[in-house]
2 protein chains.
Amino acid sequence: MSDHSIDIKISKASKSKIESVDFNNLDFGKVFTDHMFVCDYKNGAWQTPEITPYQPLTIAPSARVFHYGQAVFEGMKAFKDEQDQIWMFRPEDNHDRINKSSVRMAIPEFPKDVFFEGLTQLLHLEKDWIQKGKGNSLYIRPFVIATEEAISASPANTYKFMIICSPAQSYYAGEVRVLFAEEFSRAADGGVGFAKAAGNYGAQFYPTSLANKKGYQQIIWTDASTHEYLEEAGTMNIFFRVGDTLLTTPTSDRILDGITRKSLIQLAEDTNIDVEIRQISVAEIKEAARKGELKEIFGAGTAAVINPISGFEHAGEKFELPKLDDSYATFFKEKLLNIQYNISEDPHGWRFRV
Amino acid sequence: MSDHSIDIKISKASKSKIESVDFNNLDFGKVFTDHMFVCDYKNGAWQTPEITPYQPLTIAPSARVFHYGQAVFEGMKAFKDEQDQIWMFRPEDNHDRINKSSVRMAIPEFPKDVFFEGLTQLLHLEKDWIQKGKGNSLYIRPFVIATEEAISASPANTYKFMIICSPAQSYYAGEVRVLFAEEFSRAADGGVGFAKAAGNYGAQFYPTSLANKKGYQQIIWTDASTHEYLEEAGTMNIFFRVGDTLLTTPTSDRILDGITRKSLIQLAEDTNIDVEIRQISVAEIKEAARKGELKEIFGAGTAAVINPISGFEHAGEKFELPKLDDSYATFFKEKLLNIQYNISEDPHGWRFRV
Ligand SMILES: Cc1ncc(COP(=O)(O)O)c(C=O)c1O
Ligand SMILES: Cc1ncc(COP(=O)(O)O)c(C=O)c1O
């Protein structure tokens, strides 16, 4: 997919940093590749895109992004197969979603052809940064920020769309235990929870740090009105396995429409696993846990793929989940990775050749 | 209030821009003074503060503020009296509040002595930018942003605290009509609505732009769960005058604890105007309007001081408010300005000599 009517100005880094990177010891999101993609919006239009060396921005202290959080982002990955081919997973959905997020944050949408041309050219330049081997990937972060130098509380007239890339390793997060939220909340009805709006994430850091102090790595958010229904985690949608049925919350304006989530739902249907997409109450999950029927909880998202959860706490009650040999989490993770790394068939056409 | 144990490194602008500024034609928040105050946080501590020329920042595209909206701000004003003395209004409350906002956004609190020393020195440098005359002021914007170059979704280890200043004129916003929110919402229980967190503001731009298209300048937000109770506007707390009683919503974790709001409540008590601080339903306000008992609605906030509202719409019903000769809005605005500009007594010690 290369559209030569789109002109991208490319200035290459004089020297690659890749030699200095230890690909076996990567902290997530701390090392960035040699180049970035940048496109400015002004006078009502997206201007000529550029690929430049990865470098600091020069940006006014009055830029609206700093004051009003007018910013959205996406998270996607590129994978390399054994033949050195580069693949992505359903990237059109990320493009759709960043534009949905943008609309909600009063940011102009970014054109699909420029998005894909920029992504493709950037990834070709950075191909050595994508390491082979299941679990290794290049994490790709498209984002848009409001750059106009004006602190009146209204939408900006200028923006910067960028793509930066960071090599990522498969990681074992250790045992992950979660707290079901009882007091704090992530999103309101009629709010921006469904958008990957920057402020949604910073707002979770404090409650999560309190959870960390209690020994929980993450929070599973509940609805803000009653705290009786389970929603999602900070960067993952959540699945519950009760008996052999998989439960997950419907998407709404409070919940991110995760690409991993919807892929899992499809894979479950393909393999005749029952999936119920419905409101899930805290009470029923605790009840299922007490009866021994709650077999698994896991998170699903691009960064962690599938993240099994080994226990949870709610209202002072602690629950441990069984260790299973035939977990859905392992089954789905394997299925997904095999598609992503071009190991298995791809019946739904999810793979995207870069 | 000058504490010489606090060392501020000052580098002055080589030439002031003030000559180029038309103080009679100021757009709010677009022109900035010659200097800014900057203090970096790293290695667990706020470093030596600086005053530098107002200039762009150099900041990594991976800085967490761009991705996760980890950012808070304040808005305050400096006034000049006829004797060229400079005053602020309850600035300790702004310092308190930025720290409350910071705690909620997992940002380290900023020390009070450095805040006041920086503010004072900056304002002394910029004193010519503060124009005399009721309504003229210097709008002061302290803010904090997460600068760490890392896109993992967790609190940053490095921050920048800054103060920038923009000259402001008293302005007449024209007739302001508002829409009572029916679908969109601003804040969730257990969320960050009470904080001046950047993302709260960007999240309002889109619903507000839809309201603008219907002919309404602003939205009055309602509670996210039922949309039956009135909360506040985008950058103002809201007061309703029913008969001769003033009503305003209690503060909560959804509502900003406005300094103008609490000053008005005090001024109302001082002048024997009844104030009820309680939940205010949309239904009762519409009912009062129908009966001719709703005399005024006005917003209260630092930027606009008092902003009278001339009409509103809810559920397709439109209401116009009467034009009063003896409005509370005018009465309170006058009272407040007289204190702020050192024209009247200051019984509560709200004025702060810079
Ligand atoms: C809030 C939230 N939920 C869920 C997800 C998972 O979505 P996806 O599977 O598309 O990565 C993410 C990450 O993108 C997220 O930020
Ligand atoms: C959401 C919100 N409400 C109310 C206010 C008014 O607060 P203050 O009177 O302290 O300026 C502001 C502005 O600071 C605000 O941002």
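Order of the sequence lines sets the chain letters (A, B, ...), proteins ahead of strands, with each chain counted from 1.
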Determine, step by step, whether Ile219(A) and Val178(A) satisfy the side-chain contact (heavy atoms from CB on, under 4.5 Å) criterion, reporting the C-alpha distance in whole Å, the side-chain angles of both residues, the deciding distance to 0.1 Å, and the verdict.
CA-CA 5 Å; Ile219(A) 291 174; Val178(A) 297; over 6 Å; no

So which atom in [X] and which in [Y] form the shortest heavy-atom distance, rounded to 0.1 Å?
X         : Y         : answer
Gly118(A) : Ile51(A)  : O-CD1, 4.2 Å
Ile238(B) : Ala233(B) : CG1-N, 3.7 Å
Phe28(A)  : Ile151(B) : CE2-O, 4.0 Å
Cys165(A) : Leu122(A) : SG-CD2, 3.7 Å
Ala304(A) : Met236(A) : CB-SD, 4.2 Å
Leu26(B)  : Pro167(B) : CD1-O, 3.6 Å

Name the member of [options] that forms the most heavy-atom pairs with chain B at distances under 4.5 Å.
options                         : value
Ala224(A), Gly190(A), Gly199(A) : Gly190(A)
Val192(A), Val38(A), Val103(A)  : Val103(A)
Ala203(A), Gly191(A), Pro61(A)  : Pro61(A)

Report the C-alpha separation of Leu179(B) and Ile220(B) in whole Å, then their side-chain angles, then the decisive distance to 0.1 Å, and conclude whether the side-chain contact (heavy atoms from CB on, under 4.5 Å) test is met.
CA-CA 6 Å; Leu179(B) 208 56; Ile220(B) 298 187; over 6 Å; no

Please state whether the side chain, the backbone, both or neither of [X] comes within less than 4.5 Å of a heavy atom of chain A.
X         : value
Phe143(B) : side chain
Val31(B)  : neither
Ala187(B) : backbone
Ile164(B) : side chain

Please list, chain by chain and in numerical order, all residues satisfying side chain to side chain contact (heavy atoms under 4.5 Å, CB included) with Ala71(B), sequence neighbours excluded.
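Testing Ala71(B) for side chain to side chain contact (heavy atoms under 4.5 Å, CB included), a comparison that skips the adjacent residues, returns Val65(B), Ile145(B), Ala198(B).
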
Most chain A-contacting option - heavy-atom pairs closer than 4.5 Å, from [options]:
options                                  : value
Pro155(B), Ala106(B), Ala150(B)          : Pro155(B)
Phe66(B), Phe32(B), Phe73(B)             : Phe66(B)
Ala63(B), Ala153(B), Ala146(B), Gly75(B) : Ala153(B)

Pull every donor-acceptor pair under 3.5 angstrom between chain A and chain B and give the atom names with distances.
| unit_1 | atom_1 | unit_2 | atom_2 | d |
| --- | --- | --- | --- | --- |
| Gly29(A) | O | Ile151(B) | N | 2.9 |
| Tyr54(A) | OH | Ser62(B) | OG | 2.9 |
| Leu57(A) | N | Ile59(B) | O | 2.8 |
| Leu57(A) | O | Ile59(B) | N | 2.9 |
| Ile59(A) | N | Leu57(B) | O | 2.9 |
| Ile59(A) | O | Leu57(B) | N | 2.7 |
| Ser62(A) | OG | Tyr54(B) | OH | 2.9 |
| His67(A) | ND1 | Arg141(B) | NH1 | 3.0 |
| Tyr68(A) | O | Gly202(B) | N | 2.8 |
| Tyr68(A) | OH | Arg141(B) | NH1 | 3.3 |
| Tyr68(A) | OH | Arg141(B) | NH2 | 3.1 |
| Arg104(A) | NH1 | Ala203(B) | O | 2.8 |
| Arg141(A) | NH1 | His67(B) | ND1 | 3.0 |
| Arg141(A) | NH1 | Tyr68(B) | OH | 3.3 |
| Arg141(A) | NH2 | Tyr68(B) | OH | 3.1 |
| Ile151(A) | N | Gly29(B) | O | 2.9 |
| Ser185(A) | N | Gly190(B) | O | 2.8 |
| Ser185(A) | OG | Asp189(B) | O | 2.2 |
| Asp189(A) | O | Ser185(B) | OG | 2.2 |
| Gly190(A) | O | Ser185(B) | N | 2.8 |
| Gly202(A) | N | Tyr68(B) | O | 2.8 |
| Ala203(A) | O | Arg104(B) | NH1 | 2.8 |
| Ser225(A) | OG | Ser225(B) | OG | 2.8 |

Show, in sequence, the C-alpha distance, side-chain angles and deciding distance for Met162(A) and Val144(A), and conclude whether the side-chain contact (heavy atoms from CB on, under 4.5 Å) test is met.
CA-CA 6 Å; Met162(A) 303 186 66; Val144(A) 194; over 6 Å; no

By a 4.5 Å heavy-atom criterion (distance strictly below it), what part of Ala197(A) contacts chain B: side chain, backbone, both, or neither?
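Contact with chain B is absent: no heavy atom of Ala197(A) under 4.5 Å.
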
Check against side-chain contact (heavy atoms from CB on, under 4.5 Å), Ile255(B) and Phe194(B)
CA-CA 5 Å; Ile255(B) 294 193; Phe194(B) 72 94; over 6 Å; no

